[in-house]
Amino acid sequence: MLISEFFIMVNQPTLLSSQLFYENRVVEVTLNRVMLGFWKEIETRRKRSASFNCISKDADHHFLLVSEIVGARETEEEDQTNKDGGRKHKVLLYPYAFTVSYTERTKHHCWRCKDIIFHCLDEAQRQQWVQTINNQLSLLSIRPKRLLVYINPYSGKQRGKWIYEQRVAPLFSRASISTDVIVTESANHARDHLKTEVDLKQCDGVVCVGGDGMFSEVVHGLVSRTQSDSRVDQNQPNQDLVPCALRIGIIPAGSTDCICYSTTGTNDPVTSALHIIMGDSQPMDVCSVHHNNTFLRYSVSLLGYGFYGDVLTDSERKRWMGPSRYDFSGLKTFLTHQYYEGTVAFLPAEDNLGNPRDKIKCRTGCHICEQGANNAHLLSGDHVHKMAEENSDKETSGDGVWRVIRGKFLAINAASMSCACPRSPRGLSPYAHLADGTTDLILVRKASRLDFLRHLIRHTNKDDQFDMSFVEVHRVRRFRFVPKHSSVISEVDLSETSGKKICNQVCTAHPNDDTGHSNWNCDGEILPHADIQVSVHCQLIRLFARGVERGTTFDTYTCSVIEGSSLSWQA
Ligand SMILES: CCCCCCCCCCCCC/C=C/[C@@H](O)[C@H](COP(=O)(O)O)NC(C)=O
Ligand SMILES: Nc1ncnc2c1ncn2[C@@H]1O[C@H](COP(=O)(O)OP(=O)(O)O)[C@@H](O)[C@H]1O
Ligand SMILES: [Ca+2]
């Protein structure tokens with residue numbers, strides 16, 4: 001935080017100010033629109049270590065940002081007991097306690113909910129404090145008040161229900177969030193419920209408790225519902241889709257939890273719950289996958305043919321093994337060492353969106369994602385049409401030149417985000433972006449087992465998995481794959497159709513010839529077709545997350561600024 005921002009913060013008009021008892025001393029506590037702060041020790045002067053992480057470490061002044069407060073509540077009698085004789089005396093003078101819960105950043109992007117207890121002189125003062133703090137929180141319009149929660153009881157190690165009830169629900173209740181909880185009874189229960197039954201106006205967000213498959217169900221439900229409510233046809237591969245109004249929260253309880261890990265930096269249920277409570281918002285790209293102009297599925301993380309498709313196909317038969325099914329099937333697939341022949345055609349992304357090896361990581365407030373949203377706006381149907389009308393003699397389509405690559409591949413992966421997860425902390429494409437409107441297309445050509453093993457191991461350490469002669473990677477907006485013996489891309493036709501250039505692949509089908517095909521792993525679901533067309537839809541959905549924050553915590557850079565200054569708080 002800049003010192004000027006700190007000045008603005010402390011100079012806000014005061015909403016409430018009292019002398020309250022806190023730990024071993026009486027302090028002046030003040031609330032304004034942006035912070036709850038106290039310093040000016042009235043009685044004891046005792047240096048203490050850091051109390052809250054978003055607060056100065058100096059005993060004289062502490063503050064909590066209102067935006068990081070979870071809620072305030074009156075505290076029960078038993079919470080006030082303490083063994084410190086001197087303190088007990090003070091507690092008797094200030095017997096009415098209330099607790100303010102707030103978020104604290106700990107290691108490795110994990111957040112925790114911490115409590116701070118103040119004591120008041122009388123009941124009226126306590127009620128006034130609790131109400132004023134909670135009223136301020138209710139004015140934060142980005143925070144959800146009503147959530148629809150879907151729990152997959154069979155995700156991961158089958159602990160979704162326990163995780164939600166024990167670790168998440170108590171936090172939602174502290175934040176005065178009301179919930180409608182549905183424990184799913186079968187696959188696609190959540191998807192179909194969202195698609196047809198729910199009154200979306202009755203909630204401020206949807207939460208899924210489970211793995212990437214469960215998140216994918218919620219995405220399908222929400223995106224399809226939004227398109228059908230707006231009469232948009234999902235079967236058109238080049239159709240601009242309507243963004244979803246509701247944000248989605250993920251409470252990780254699955255096997256891979258790649259989407260949660262890549263959007264928060266960790267797979268911790270409490271951290272996710274706190275991001276939901278704070279009302280964070282992280283836009284995300286969604287790929288639509290089509291086969292012969294028929295909509296198949298959406299994908300937000302990995303579309304993998306060859307290695308990852310085969311791992312998934314094999315692991316589905318071993319669901320009983322839980323998350324370790326992926327290790328078992330991974331080893332088996334690696335030993336099989338199958339390669340697949342086919343043709344990939346892709347539309348490269350614009351140069352201003354960087355490239356998959358530029359070492360620019362997608363972090364909170366990412367500029368590449370911002371640029372991606374600008375580009376997407378310029379390329380959107382409406383805008384292109386308007387430009388076409390205004391400049392009918394100029395190049396108006398955003399479509400560039402398609403590239404075509406034929407070959408034998410061990411794997412073809414499209415990573416729309418880094419796909420970082422506990423198994424691969426940097427991810428399949430460490431510099432891919434969450435919301436730039438592109439996907440990183442990774443082509444792993446036929447290579448020796450040893451080379452492929454070296455490539456795979458690099459997903460788990462710091463080495464560059466793309467720095468190998470048989471691997472190439474491209475940042476793309478759209479792509480198509482056609483397996484050999486099924487159909488061939490015989491022509492890339494860049495003709496103008498309704499004001500927009502499209503890539504029209506002319507294919508010749510070879511029916512009933514399935515030999516030598518893998519399956520696509522589409523965010524953990526097996527796709528029935530090998531020949532697919534993929535388009536990235538920039539920022540189609542939003543998550544209750546803020547992306548991975550940069551290394552340092554708020555604490556380390558605020559405290560030094562505040563401690564080194566001689567600021568006083570204008571009450
Ligand atoms: C020999 C060493 C090999 C190590 C390779 C490690 C690479 C791990 C990269 C994992 C990439 C994850 C991308 C996310 C995929 C999920 O959508 C999907 C489904 O996850 P879910 O079961 O729903 O949690 N999981 C998998 C493994 O396909
Ligand atoms: N009640 C249920 N019974 C069986 N399958 C379900 C249920 N609810 C959701 N599913 C399906 O379970 C699959 C795996 O869920 P997911 O939450 O991703 O767990 P995991 O990470 O362990 O794979 C998803 O495809 C989802 O559609
Ligand atoms: Ca992306």
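Just follow the structure's listing: the first ligand is 1, and inside any ligand the first atom is 1. Keep in mind that what you see is a predicted model, and the values were worked out from it rather than measured.
Among N413, L302, V300, the single residue meeting the side chain to side chain contact (heavy atoms under 4.5 Å, CB included) criterion with C419 is L302. Under the side chain to side chain contact (heavy atoms under 4.5 Å, CB included) test applied with E316, the options L312, T313, D314 reduce to a single match, L312. Partner of D451 under the side-chain hydrogen bond (donor to acceptor under 3.5 Å, both in side chains) criterion, chosen from R454, R449, H455: R454. A side-chain hydrogen bond (donor to acceptor under 3.5 Å, both in side chains) with E549 is found for exactly one of R363, H109, R105, namely R105.
Contact check for I276 versus I251: side-chain heavy atoms found under the 4.5 Å cut-off. Side-chain contact between Q539 and D285: present, with at least one pair of heavy atoms (C-beta onward) separated by less than 4.5 Å. Using a 4.5 Å heavy-atom cutoff, the side chains of R146 and Q202 are in contact. Between C244 and R225 there is no side-chain heavy-atom pair separated by less than 4.5 Å. Side-chain atoms of F215 and C208, non-hydrogen and from C-beta on, do get closer than 4.5 Å to each other. Side chains of V149 and I151 form a contact here, defined as non-hydrogen atoms less than 4.5 Å apart.
Protein heavy atom in closest approach to atom 22 (O) of ligand 1: Y326 OH, 2.5 Å. With hydrogens left out, the protein atom closest to atom 13 (C) of ligand 1 is L302 CD2, 3.9 Å, a heavy atom. Among all non-hydrogen protein atoms, the one lying nearest atom 10 (C) of ligand 1 is C421 SG, 4.0 Å. What sits closest to atom 17 (O) of ligand 1 on the protein, heavy atoms only, is D523 C, 3.2 Å. Looking at atom 18 (C) of ligand 1, its nearest protein heavy atom turns out to be G524 CA, 3.8 Å. Given atom 3 (C) of ligand 1, the protein heavy atom at minimum distance is L456 CB, 3.9 Å. In this structure, atom 25 (O) of ligand 2 lies nearest to the protein heavy atom E525 OE2, 2.9 Å. Residue, atom and distance of the protein heavy atom nearest to atom 1 (C) of ligand 1 are L453 CD1, 4.0 Å. Looking only at heavy atoms of the protein, atom 13 (C) of ligand 2 is closest to R319 NH2, 3.9 Å. When hydrogens are left out, the protein atom nearest atom 9 (C) of ligand 1 is Y308 OH, 3.7 Å; that is the closest non-hydrogen contact. Among protein heavy atoms, the minimum distance from atom 17 (O) of ligand 2 is reached at S155 OG, 2.5 Å.
Proximity of E217 to ligand 2, defined as any heavy-atom pair under 4.0 Å, is confined to the side chain (atoms from C-beta onward). With a 4.0 Å cut-off on non-hydrogen atoms, R191 does not touch ligand 2 at all. For D257, no heavy-atom contact with ligand 2 is shorter than 4.0 Å. When heavy-atom distances to ligand 2 are checked against a 4.0 Å cut-off, Q158 has no atom that comes that close, whether in backbone or side chain.
Heavy-atom proximity to G156, at under 4.0 Å, picks out these atoms of ligand 2: 19 (O), 20 (P), 22 (O). Atoms of ligand 1 found under 4.0 Å from any heavy atom of R325, numbered from 1 in the order shown, are 22 (O). Interface of S255 with ligand 1, defined as ligand atoms under 4.0 Å from a residue heavy atom, comprises 22 (O), 24 (O). Remark: ligand 2 atoms within the under-4.0 Å shell around heavy atoms of D212 are 18 (O). Taking every non-hydrogen atom of C258 and a distance limit under 4.0 Å, the qualifying atoms of ligand 1 come out as 14 (C).
Across A175 and I277, no two heavy atoms sit closer than the pair CB-CG2, 3.5 Å.
Ligand 1 is never approached by M417 to a heavy-atom distance shorter than 4.0 Å.
Remark: ligand 2 and Y154 share no N or O pair separated by less than 3.5 Å (distance only, no angle test). The N/O atoms of G210, backbone and side chain alike, include none that comes under 3.5 Å of an N/O atom in ligand 2. Taking distance alone, with nitrogen or oxygen atoms compared against 3.5 Å, G254 stays at or beyond that limit from ligand 2. Considering backbone and side-chain N/O of G213, one or more are found under 3.5 Å from N/O of ligand 2. Annotation: T184 places an N or O atom under 3.5 Å from an N or O atom of ligand 2; distance criterion only. In terms of N/O distances under 3.5 Å, ligand 1 is approached by G213.
Atom 28 (O) of ligand 1 has its nearest heavy-atom neighbour, among T256, L312, N521, in N521. The closest non-hydrogen atom to atom 15 (O) of ligand 2, taken over V209, N188, N152, comes from N152. Atom 22 (O) of ligand 2 has its nearest heavy-atom neighbour, among S255, C258, A187, in S255.
Side-chain atoms of S424 do not come within 3.5 Å of backbone N or O of A420 as any donor-acceptor pair. Here the side chain of H529 pairs no donor or acceptor atom with the backbone of H290 at under 3.5 angstrom. Under a 3.5 Å cut-off, the side chain of S155 and the backbone N or O of G254 do not form any donor-acceptor pair.
F295 has its ring centre less than 6.0 Å from the ring centre of Y298. Checked against a 6.0 Å centroid threshold, the rings of H474 and F346 count as neighbours. H193 has its ring centre less than 6.0 Å from the ring centre of Y150. Two rings, from F409 and Y339, have their centers 6.0 Å or more apart.
Within the coordination shell of the Ca ion (ligand 3), defined by N, O or S atoms under 3.0 Å, C362 is absent. In summary, no N, O or S atom of M284 is located under 3.0 Å from the Ca ion (ligand 3). Among the atoms of D440, none of the N, O or S atoms falls under 3.0 Å from the Ca ion (ligand 3).
The aromatic rings of F452 and F307 sit perpendicular to each other, their planes meeting at more than 60°, with 30° as the lower class boundary.
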Would R112 and D268 count as a salt bridge (Lys or Arg N to Asp or Glu O under 4.0 Å) here? Give the steps. CA-CA 10 Å; R112 284 290 167 265; D268 173 59; 2.9 Å; yes

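Here the angle at the Ca ion (ligand 3) defined by O in S416 and O in T438 stands at 100°, rounded to 10 degrees. In this structure, OD2 of D285 and O of H433 enclose an angle of 110° at the Ca ion (ligand 3), rounded to 10°.
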